[in-house]
There are 2 protein chains.
Amino acid sequence: MRQGAASDSDRELRPKQKASAREILDAAATAFSERGYAATSIDDVADVLGCTKGRIYHYYRTKGDLFIGIHHQALEWALEAVGPPAERVDLDPAERLRQMVHQHALHLMNRSSYMGPAQYQIEMNLASEGRNKEAQMQKILSMRRQFEDLYVTVVKEGVAAKAFRDADVNLLVKAVLGAVNWMHAWFSPTEPKDSPAERERIAAEIAEFAVRGVVA
Amino acid sequence: MRQGAASDSDRELRPKQKASAREILDAAATAFSERGYAATSIDDVADVLGCTKGRIYHYYRTKGDLFIGIHHQALEWALEAVGPPAERVDLDPAERLRQMVHQHALHLMNRSSYMGPAQYQIEMNLASEGRNKEAQMQKILSMRRQFEDLYVTVVKEGVAAKAFRDADVNLLVKAVLGAVNWMHAWFSPTEPKDSPAERERIAAEIAEFAVRGVVA
DNA sequence: AGGAACATACTACCACGTAGGTTTTTCTTC
DNA sequence: GAAGAAAAACCTACGTGGTAGTATGTTCCT
């Protein structure tokens with residue numbers, strides 16, 4: 001039974017189906033993170049899985065649906081990582097922002113194959129070419145706004161509380177997101193010194209940098 | 001007379017040849033910045049120029065050479081933009097860093113078609129597949145190190161002078177570069193309110209954010 | 001027995017780079 | 001300055017290989 005991207009939630013899949021679809025998504029994320037969307041073939045993804053592309057087309061209608069599905073999953077995880085600290089209105093804004101950036105950076109490192117090329121608008125544009133992508137892309141755009149709004153909200157509240165400096169909030173948020181999102185360009189999970197402790201250290205440093213860039 | 005990427009400097013070209021090769025590079029930068037390396041065909045580049053791909057192959061040996069040539073030119077410009085403020089040892093480190101980031105951000109906005117996908121390691125990896133790319137890639141890597149060393153040097157000197165906080169210098173530099181380089185993801189030269197003054201404002205804000213993230 | 005899951009073979013199209021041809025420009029000779 | 005030759009610049013057609021997606025067949029699971 002095939003599906004478009006992100007249609008997991010609008011059709012109940014049996015656990016076995018879900019496990020298979022997810023296994024395919026994981027392999028696709030790995031394959032795409034190495035060579036990008038256009039230069040990765042469906043056969044490449046099948047090679048990672050040790051099967052043939054017929055299996056993939058059984059669960060996903062097109063290559064674009066596969067890629068969009070990855071980004072959808074990445075956004076779900078990103079919201080799960082950053083949502084909880086974003087809701088900590090009991091904390092002062094600086095601490096709240098610090099924890100958001102910290103969790104965001106950890107998430108990026110822990111799910112690096114999902115957080116790679118799908119971040120690029122160019123890749124998403126390519127993947128969404130073709131028919132029947134409007135609904136999925138609307139959902140993706142909505143989730144992106146929701147995610148970015150978490151940051152905009154905390155920065156606005158920080159400015160209002162005079163904990164953050166009174167600058168262009170959207171630019172500050174973009175700079176913060178830049179410091180985090182650019183990590184995919186230099187962080188590699190296969191580095192010899194990579195470890196949970198090293199990831200915590202990196203996340204803390206990136207969070208410290210971002211918060212200091214914003215505080216009053 | 002054909003060339004690989006970056007061979008401009010190892011063979012004297014007549015002004016007419018240089019102008020043509022440069023016109024092709026500009027068109028290629030525009031085309032690649034829209035769809036990325038793999039999804040852009042040589043025919044697409046020729047369409048931007050209003051000619052056919054035979055003309056392009058007259059000056060560039062392969063598609064990869066064309067793309068690497070763009071990145072080479074981008075790095076030259078980046079060094080030209082950031083080098084002068086980096087050399088201002090008469091300024092204190094914070095002001096020096098501020099001017100470097102400011103010029104870097106302006107450069108990225110003013111040359112956005114050259115600063116797009118070529119920034120991504122994945123794209124460079126794809127373009128450098130194929131024969132006879134080692135020398136060019138060595139040159140590119142050398143220029144990248146030279147560029148990043150400008151930032152590392154100013155941050156190290158700032159730490160030594162106690163103007164910057166004593167943290168992981170390489171991480172701080174990566175965070176700074178992240179805030180700037182991610183601009184290609186959200187800055188668009190075709191936005192209605194784009195103007196030289198708006199670019200100056202954005203560059204100043206990004207520079208302020210970066211410096212504050214680093215100062216003691 | 002029937003449907004799901006997956007493999008195989010196929011179609012249609014696209015793209016890189018080349019070879020050969022044509023046109024334009026440059027150079028040499030008178 | 002003109003004419004002719006040579007080289008450069010560019011165009012067209014082609015060969016080869018690759019890829020997305022489909023149709024059909026086979027195997028496995030319910």
Side-chain angles (χ1 to χ4, degrees), chain A residues 1-5 11-25 27-28 31-32 34-69 123 125-133, chain B residues 1-5 7 11-25 27-28 31-32 34-69 123 126-133:
Chain A
M1 174 283 315
R2 281 189 307 172
Q3 62 196 7
R11 176 89 62 92
E12 206 66 21
L13 295 180
R14 303 214 209 85
K16 195 128 181 277
Q17 289 173 324
K18 271 187 154 172
S20 216
R22 173 59 188 278
E23 185 185 0
I24 290 167
L25 210 65
F32 285 132
E34 285 169 15
R35 295 175 61 81
Y37 178 74
T40 302
S41 67
I42 295 289
D43 277 328
D44 289 336
V45 177
D47 288 344
V48 172
L49 285 159
C51 67
T52 67
K53 64 188 172 185
R55 181 184 179 202
I56 296 171
Y57 282 107
H58 180 71
Y59 290 94
Y60 295 88
R61 185 158 289 131
T62 67
K63 182 184 180 186
D65 286 341
L66 196 54
F67 193 86
I68 293 173
E123 301 280 86
N125 286 346
L126 295 178
S128 59
E129 282 169 3
R131 305 144 59 112
N132 309 317
K133 300 290 197 288
Chain B
M1 177 282 313
R2 281 189 308 170
Q3 62 199 6
S7 61
R11 174 89 65 92
E12 207 66 21
L13 296 178
R14 305 213 208 88
K16 193 123 181 275
Q17 288 173 324
K18 271 185 154 170
S20 217
R22 176 57 188 279
E23 186 185 359
I24 291 168
L25 210 64
F32 285 132
E34 286 169 16
R35 293 176 61 82
Y37 178 73
T40 302
S41 66
I42 294 289
D43 277 327
D44 289 335
V45 178
D47 289 342
V48 172
L49 284 157
C51 67
T52 67
K53 63 187 171 184
R55 181 184 179 202
I56 297 170
Y57 282 106
H58 179 71
Y59 290 95
Y60 294 88
R61 187 154 293 134
T62 67
K63 183 184 179 186
D65 286 342
L66 194 57
F67 192 86
I68 293 172
E123 300 279 86
L126 295 178
S128 59
E129 281 169 3
R131 304 143 62 110
N132 306 317
K133 299 292 195 286

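Quick note on labels: first sequence line is chain A, next is B, and so on, each numbered from 1.
Rounded to whole Å, the distance from NE2 on B:His58 to P on D:dA7 is 14 Å. When rounded to the nearest whole Å, the span between CG of A:Asp47 and C1' of C:dA7 equals 14 Å. Note: CZ (B:Arg61) to C1' (C:dA19) measures 16 Å, nearest angstrom. Here the P atom of nucleotide D:dG17 and the CD atom of B:Glu129 are 18 Å apart, to the nearest Å. Separating the CG atom of B:Leu49 from the C1' atom of D:dC11 is a distance of 14 Å, rounded to the nearest angstrom. Between the CD1 atom of B:Ile56 and the C1' atom of D:dC10 there is a distance of 11 Å, rounded to whole Å. Between A:Arg55 atom CZ and D:dT26 atom C1' the separation is 17 Å, expressed in whole Å.
Ranking D:dT12, D:dA9, C:dC6 by closeness to the B:Gln17 side chain, first place goes to D:dA9.
Not counting sequence neighbours, B:Thr52 has no partner by the side chain to side chain donor-acceptor pair (under 3.5 Å) test.
The minimum heavy-atom distance linking A:Ala127 with A:Phe67 is given by the pair CB-CD2, 3.5 Å. Of all heavy-atom pairs spanning A:Val48 and A:Ala31, the tightest one is CG2-CB, 4.3 Å.
Between B:Tyr59 and B:Glu23, the closest side-chain pair of non-hydrogen atoms is not below 4.5 Å. By the 4.5 Å heavy-atom criterion applied to side chains, A:Lys133 and A:Thr62 are counted as neighbours.
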Between the protein and nucleotides 10-16 of chain C, which nitrogen or oxygen pairs come in under 3.5 angstrom?
from: C:dC16; atom 1: OP1; to: B:Lys63; atom 2: NZ; distance (Å): 2.8
from: C:dC16; atom 1: OP2; to: B:Ile42; atom 2: N; distance (Å): 3.0

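Annotation: the span from B:Ile24 atom CD1 to B:Ile42 atom CD1 amounts to 10.0 Å, rounded to 0.5 Å.
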